[in-house]
Amino acid sequence: MPLPIEIHLYNTLSRALEPLRPAEDARLRMYTCGLTVYDYGHIGNYRTFVAVDILQRFLESEGYHLETVLNLTDIDDKMIDRAQRAGRSVREHAEIYARAFAQDMEFLGLRRPDHLVRATDFIPDMIAWIERLVAAGHAYASQGSVYFRVSSFPAYGRLSGKPLEELQSGARVDSDQYEKEQARDFVLWKAHKPGEPAWPSPWGPGRPGWHIECSVMSMKLLGESFDLHAGGADLIFPHHENEIAQSEAVTGRTFVRHWLHVEFLLVNGEKMSKSLGNYYTLRDLAAQGFHASGIRYLLASVPYRRQLNFTLDGLRQAEAAVERLRAFGDRLRRATLENADNVELQAAIEAAGLRFRGSLAENLNTAGALAAIFDLLRAGNQALDQNAMGLGHREAIERLLARFDSIFGIIETDDRRRMEAYGNELHPVEATLADEAVEQLLARRAAARLERNYALADQLRTQLETAGIVVEDTRDGQVRWRRK
RNA sequence: GGCGCGGUAGCCAAGUGGUAAGGCAGAGGUCUGCAAAACCUUUAUUCGUGAGUUCGAUUCUCACCCGCGCCUCCA
């Protein structure tokens, strides 16, 4: 186990890097705002989830014990709207996309959270919490709905840096629908409208507002005060601001110590939207032949607090980088080594390890961590070229690569298997030749080469290439092949 | 307008008050019958613009320009 290292993470609340200090030794409780399951998650959603995944894996590798919660919102305006248009019940609609989400998680290799929760499973808890807010004077009922009284919570606006007064004047008023005391007040419970799902409550039938679910579920599972809360940058206001208000107004305690927000992903420099035709889901990309490891690499390669401009060209670059990492792993494994002294290599390995870990510890600088790994890769290749790597060096390098991969999850990833997450939904380019047919053609080619009939040999190779088979002649006379 | 993120080589991108990591692509080379793959080498007198602080700034300060996000339910 490595020596303890101080980990710094940017806290949106303080707008500064702060050392990570768990409430309990080496125990971290973390909540992540997940997806509203009205549709497939898109690449932007998964940027957030990959960042959280890598953070969690890193923290675990540093010896922390995590308890994690991820929520799926399965009841809100959009859910109702989409379900109606699809001619399904909200419940059925949610079920379809929750399953799709599970497939996406499997495809990308995202760790399952300890608790994957859905809003509608916690309605009674939400009602109970709202009752407490009402009893404490922080919320009021009005025409079957219940609203949070923002003026009763002086700290409101601290997370997003919005002055209370401004919220008052700047807010939009949807007076046609709801009766609020003040425009900035937000809804905790929505009165039932015809055609919408509803649950009984002290205020009559209705359904929860969006924000309350995260407060209630997180506190129920992680306690009233926990360590980390993550989500997309767009959730800072109003979602997380409201979560803080709802929670702390009742408990009087710090709801969350450390707020993490993942910046937006853009596509070709623009916000993703269906009308622009730049809206990607994971299954879209998989169907185009892109791999889980490449997608993960690309999403992880830009530190989470920077906007990430997603392009297909960038994805191709990422896939190439992954290939190089894997090739190095293979080369290491295949090399025949003896013991050898190599002070320089030893130093390079140690430097890479320090830099890798130090980069991640400093606000999850994934770009720096990757650079450390590629430095290691070059040093290793050079040593192999010069026949100057010892068994001990290889062991040390493999250990570091294993640690890298336990966090980034891209080397030992069977991309073809990952594709199976989507079952027969996808129709990727199928191999046009069976393995036996490939071997037969390769045998004919080998014979042709022996006879120095290179015209025929090349013709056979071209034939295989057309079928998506890459042929590689190695130095020792062996022939390797793989499917593109 | 308010709050926030960012502008570093063809593309992606790290970084520090002391003179520019890494990846991809490109070029050259090793290997090869030729390829492919792999490996090695190489690619920014310069970090949006202007001014200031400093012995010295890409890194600090100020102004300006540009891109993006949030500002009541979008990750």
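To find a chain, count down the sequence lines: A is the first, B the second, and so on, and within it residues start at 1.
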Using a 4.0 Å heavy-atom cut-off across all strands, classify [X] as base, sugar-phosphate, or nothing.
X: A/Val302; value: sugar-phosphate
X: A/Leu266; value: sugar-phosphate
X: A/Gly231; value: sugar-phosphate
X: A/Arg316; value: nothing
X: A/Arg445; value: base
X: A/Lys271; value: base
X: A/His42; value: base
X: A/Tyr297; value: sugar-phosphate
X: A/Asp330; value: nothing
X: A/Arg452; value: nothing
X: A/Leu308; value: nothing
X: A/Gly41; value: nothing
X: A/Gly34; value: sugar-phosphate

Between [options], which one does the side chain of [X] approach most closely?
X: A/Lys162; options: B/C34, B/G2, B/U72; value: B/G2
X: A/Asp313; options: B/C11, B/C68, B/C24; value: B/C11
X: A/Arg15; options: B/C3, B/U72, B/G33; value: B/C3
X: A/Val187; options: B/A75, B/G33, B/C73; value: B/C73
X: A/Val470; options: B/A36, B/C5, B/U72; value: B/A36
X: A/Phe237; options: B/C73, B/C5, B/C71; value: B/C71
X: A/Thr48; options: B/A75, B/G67, B/C34; value: B/A75

Watson-Crick/G-U partner (both atom distances under 3.5 Å) of [N]:
N: B/G6; result: B/C66
N: B/U46; result: none
N: B/A51; result: B/U61
N: B/C73; result: none
N: B/C31; result: none

Under 3.5 Å, is there an N or O donor on one side and an acceptor on the other linking the side chain of [X] and the base of [N]?
X: A/Arg355; N: B/A21; answer: yes
X: A/Arg461; N: B/C34; answer: yes
X: A/Gln317; N: B/G23; answer: yes

> Quick one: is the NZ or CZ of A/Arg15 closer than 6.0 Å to the six-membered ring centre of A/Tyr10, and within 45° of its axis?
Replying inline: no

Which whole-number value in Å describes the distance from [X] [atom1] to [N] [atom2]?
X: A/Ile410; N: B/G23; atom1: CD1; atom2: C1'; result: 11 Å
X: A/Leu72; N: B/A75; atom1: CG; atom2: C1'; result: 13 Å
X: A/His211; N: B/U72; atom1: NE2; atom2: P; result: 11 Å
X: A/Asp81; N: B/C73; atom1: CG; atom2: C1'; result: 14 Å
X: A/Arg47; N: B/C5; atom1: CZ; atom2: P; result: 14 Å
X: A/Tyr304; N: B/C5; atom1: OH; atom2: P; result: 12 Å

Can you tell me how the ring of [X] sits relative to the ring of [Y], calling it parallel under 30°, perpendicular over 60° and tilted otherwise?
X: A/Tyr40; Y: A/Tyr97; answer: perpendicular
X: A/Phe226; Y: A/Phe255; answer: perpendicular
X: A/Phe148; Y: A/Phe186; answer: parallel

On a whole-Å scale, what distance lies between the [atom1] atoms belonging to [N] and [M]?
N: B/G23; M: B/A9; atom1: C1'; result: 13 Å
N: B/U8; M: B/A20; atom1: C1'; result: 8 Å
N: B/U16; M: B/C47; atom1: C1'; result: 12 Å
N: B/U43; M: B/G6; atom1: P; result: 29 Å
N: B/C40; M: B/G15; atom1: C1'; result: 26 Å
N: B/C24; M: B/G48; atom1: P; result: 25 Å
N: B/U41; M: B/C55; atom1: C1'; result: 37 Å
N: B/A27; M: B/G33; atom1: P; result: 23 Å

> Going through the distances and angles, do A/Arg283 and A/Asp104 end up as a salt bridge (charged side-chain N to carboxylate O under 4.0 Å, His left out)?
Replying inline: CA-CA 8 Å; A/Arg283 56 201 76 212; A/Asp104 286 347; 3.0 Å; yes

> Is any side-chain heavy atom of A/Leu370 closer than 4.5 Å to a side-chain heavy atom of A/Ser301?
Replying inline: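 Heavy-atom side-chain distance check passes, below 4.5 Å.
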
> If we only count heavy atoms from C-beta on, is the A/Phe310 to A/Leu308 side-chain gap below 4.5 Å?
Replying inline: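 Answer yes - side chains close enough.
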
>> Centroid separation under 6.0 Å, is that true for the rings of A/Phe408 and A/Tyr297?
In response: no

>> Is it the case that atom CZ in A/Arg444 sees more than 12 heavy atoms from other parts of the structure closer than 6.0 Å?
In response: no

Could you go over nucleotides 38-40 of chain B and give all protein N or O partners under 3.5 Å, atom names and distances?
from	atom 1	to	atom 2	distance (Å)
B/C39	O2'	A/Asp385	OD1	3.1
B/C39	O2'	A/Asp385	OD2	2.1
B/C40	O3'	A/Gln382	NE2	3.3

> Is A/Thr281 reaching over with its side chain to a backbone N or O of A/Asp284, donor-acceptor style, under 3.5 angstrom?
Replying inline: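 Indeed, once roles are kept as given, a pair shorter than 3.5 Å links the two residues.
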
> Can any side-chain N or O of A/Glu241 pair as donor or acceptor with the backbone N or O of A/Tyr156 at less than 3.5 Å?
Replying inline: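 No, because the side chain of A/Glu241 does not come within donor-acceptor range (under 3.5 Å) of the backbone of A/Tyr156.
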
> So, A/His239 and A/Glu243: side-chain donor and acceptor under 3.5 Å apart, yes or no?
Replying inline: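 Side chains of A/His239 and A/Glu243: pair found under 3.5 Å.
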
>> Within the 3.5 Å criterion, strictly below it, is a donor on A/Arg326 or A/Ser293 matched to an acceptor on the partner's side chain?
In response: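 Present: a donor and an acceptor within the cut-off.
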
> Going by heavy atoms closer than 4.0 Å, what residues in residues 364-374 of chain A are next to RNA chain B?
Replying inline: A/Asn365, A/Ala367, A/Ala371, A/Phe374

> Can you name the one residue among A/Lys78, A/Gln84, A/Arg85 that meets side chain to side chain donor-acceptor pair (under 3.5 Å) with A/Asp81?
Replying inline: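 The side chain to side chain donor-acceptor pair (under 3.5 Å) with A/Asp81 is passed solely by A/Arg85 among A/Lys78, A/Gln84, A/Arg85.
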
